Amino acid sequence: MQWTLVIPLKPLARAKSRLSDTAGDGVRPGLALAFAQDTVAAALACPAVADVAVVTDDPLAGRELAALGARIVPDEPRGGLNAALAHGAAVVRSARPDSALAALNADLPALRPLELARVLDAAAEFPRAFLADAAAIGTTLLAARKDAELSPAFGPDSRARHRASGATELPLTAVDSVRQDVDTGEDLRAALALGVGPRTAAAAARLLIPGQ
């Protein structure tokens, strides 16, 4: 099964505020862009991924991610994460009604294409399925086969919310790169330990993170 990934990205100036303990206001937008670039590049290299749609209104991010091969969908609802994902899913399926869809976080800088393929192949067994994040509280990927709606419920405690919505949790091991999103300095250090993409590595090197 081939998937279209829908990746939401808020305006870079407002992204990654929880990284303030590690990266200053002048650095965080570039770091958020680097996360998204490495995420999109890895996703497009995944053999199970047909294409990637990024939902964003940020002009710089739109240009940079389009240059990697992503389709840019303007965030017309401007109603937050779940509204952006629902809109992106609707845009994709308006052109290709039979598309299998997966919502993927934009902050997975250690993402490995083959680990993502394992997750998507497992998700293909269920109408809707999700992968919990490394903290076992949130969600990094939510998938819906062509015969199901995406119905995203991201936000606080999204693991519990997606489970309550009827999505099947994927109990996979050895897919750490798909679970390791980055919201805090501790998350960033964990991603660096896994091995991040080149853009994040360059951006993080300028932060002089202890233990890097």
Side-chain angles (χ1 to χ4, degrees), residues 1-10 36 38-57 61-62 65-66 68-108 111-133 138-155 157-175 177-179 181:
M1 184 181 294
Q2 290 287 291
W3 297 81
T4 293
L5 302 189
V6 182
I7 299 179
L9 181 62
K10 67 173 62 173
D38 286 336
T39 300
V40 168
L44 286 168
C46 174
V49 173
D51 58 353
V52 172
V54 177
V55 183
T56 187
D57 276 338
L65 298 174
L68 293 176
R71 174 184 180 181
I72 306 304
V73 177
D75 184 8
E76 293 177 0
R78 297 184 181 179
L81 177 59
N82 291 312
L85 285 169
H87 172 63
V91 168
V92 170
R93 282 194 168 160
S94 68
R96 298 191 303 279
D98 291 336
S99 292
L101 298 172
L104 184 72
N105 289 9
D107 57 352
L108 297 168
L111 186 64
R112 303 284 188 273
L114 294 182
E115 290 187 14
L116 176 59
R118 284 193 61 219
V119 175
L120 292 171
D121 288 347
E125 300 297 318
F126 307 97
R128 290 174 67 242
F130 72 95
L131 186 74
D133 64 9
T139 302
T140 56
L141 180 143
L142 172 68
R145 291 190 318 209
K146 64 180 183 179
D147 51 350
E149 294 299 319
L150 190 61
S151 303
F154 287 84
D157 300 318
S158 65
R159 180 188 186 190
R161 294 169 68 188
H162 283 130
R163 186 186 293 155
S165 76
T168 299
E169 182 170 359
L170 299 172
L172 298 176
T173 59
V175 291
S177 77
V178 196
R179 295 186 187 274
D181 54 353

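Quick caveat, the model's predicted, so the values are computed rather than measured. We number each residue from 1, following the sequence as shown.
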Visitor: Using side-chain heavy atoms (C-beta onward) and a distance below 4.5 Å, is R179 in contact with L131?
Guide: yes
Visitor: Please report the shortest heavy-atom distance between L9 and A106, naming the atom on each side.
Guide: CD1-CB, 4.1 Å
Visitor: Considering residues at least two apart in sequence or located in another chain, which fulfil the side-chain hydrogen bond (donor to acceptor under 3.5 Å, both in side chains) criterion with R159?
Guide: E169
Visitor: Could you note down all residue pairs passing side chain to side chain donor-acceptor pair (under 3.5 Å) where residues 83-95 supplies at least one of them, sequence neighbours left out?
Guide: none
Visitor: Holding to salt bridge (Lys or Arg N to Asp or Glu O under 4.0 Å), I want the full list of residues that pass it with D57, two or more places apart in sequence or in another chain.
Guide: R78
Visitor: Please tabulate, for the side chains in residues 145-154, all donor-acceptor contacts under 3.5 angstrom to protein atoms that are two or more places apart in sequence or on a different chain.
Guide:
{"residue": "R145", "atom": "NH1", "partner": "A124", "partner atom": "O", "Å": "3.2"}

Visitor: Roughly how far apart are L65 CG and I7 CD1, rounded to 0.5 Å?
Guide: 8.0 Å
Visitor: What pair of heavy atoms forms the shortest contact from A132 to T140, and how long is it?
Guide: O-OG1, 4.2 Å
Visitor: For residues 39-49, which residue pairs pass the salt bridge (Lys or Arg N to Asp or Glu O under 4.0 Å) check, not counting sequence neighbours?
Guide: none
Visitor: With T139, which residues qualify under side-chain hydrogen bond (donor to acceptor under 3.5 Å, both in side chains), at least two apart?
Guide: S158, H162
Visitor: I need the S99 OG to Q2 CD distance, nearest 0.5 Å.
Guide: 11.0 Å
Visitor: Rounded to the nearest 0.5 Å, what separation is found between the CG atom of L5 and the CG atom of L120?
Guide: 6.0 Å
Visitor: Measuring only between side-chain heavy atoms, which start at C-beta, is V54 closer than 4.5 Å to V73?
Guide: no
Visitor: Residues two or more places apart in sequence or in another chain: which of them pass salt bridge (Lys or Arg N to Asp or Glu O under 4.0 Å) with E125?
Guide: none
Visitor: For residues V92 and A53, report the shortest heavy-atom separation together with the two atoms involved.
Guide: CG2-CB, 4.1 Å
Visitor: May I ask you to test the L116-L141 pair for a side-chain heavy-atom distance under 4.5 Å?
Guide: yes
Visitor: Show me the donor-acceptor pairs within less than 3.5 Å that the side chains of residues 44-52 make with the rest of the protein, sequence neighbours left out.
Guide:
{"residue": "D51", "atom": "OD1", "partner": "T4", "partner atom": "OG1", "Å": "2.5"}
{"residue": "D51", "atom": "OD1", "partner": "R96", "partner atom": "NH2", "Å": "3.4"}
{"residue": "D51", "atom": "OD2", "partner": "R96", "partner atom": "NH2", "Å": "2.7"}

Visitor: Minimum heavy-atom separation for A43 and L111, please, with both atom names.
Guide: N-CD2, 4.0 Å
Visitor: With D38, which residues qualify under side-chain hydrogen bond (donor to acceptor under 3.5 Å, both in side chains), at least two apart?
Guide: R199, T200
Visitor: Using the test salt bridge (Lys or Arg N to Asp or Glu O under 4.0 Å), find all partners of D181 that sit at least two apart in sequence or belong to another chain.
Guide: none
Visitor: R71: which residues meet the side-chain hydrogen bond (donor to acceptor under 3.5 Å, both in side chains) condition with it, sequence neighbours left out?
Guide: none
Visitor: Could you tell me whether a side-chain N or O of T39 sits under 3.5 Å from a main-chain N or O of L108, the two making a donor and an acceptor?
Guide: yes
Visitor: Return yes if a side-chain donor-acceptor contact under 3.5 Å exists between S165 and R128, otherwise no.
Guide: yes
Visitor: For A123, give me all partners under side chain to side chain contact (heavy atoms under 4.5 Å, CB included), at least two apart in sequence or on another chain.
Guide: W3, A129, A143, L170
Visitor: Would you say the side chain of V6 lies within less than 4.5 Å of the side chain of V55, judging by non-hydrogen atoms?
Guide: yes
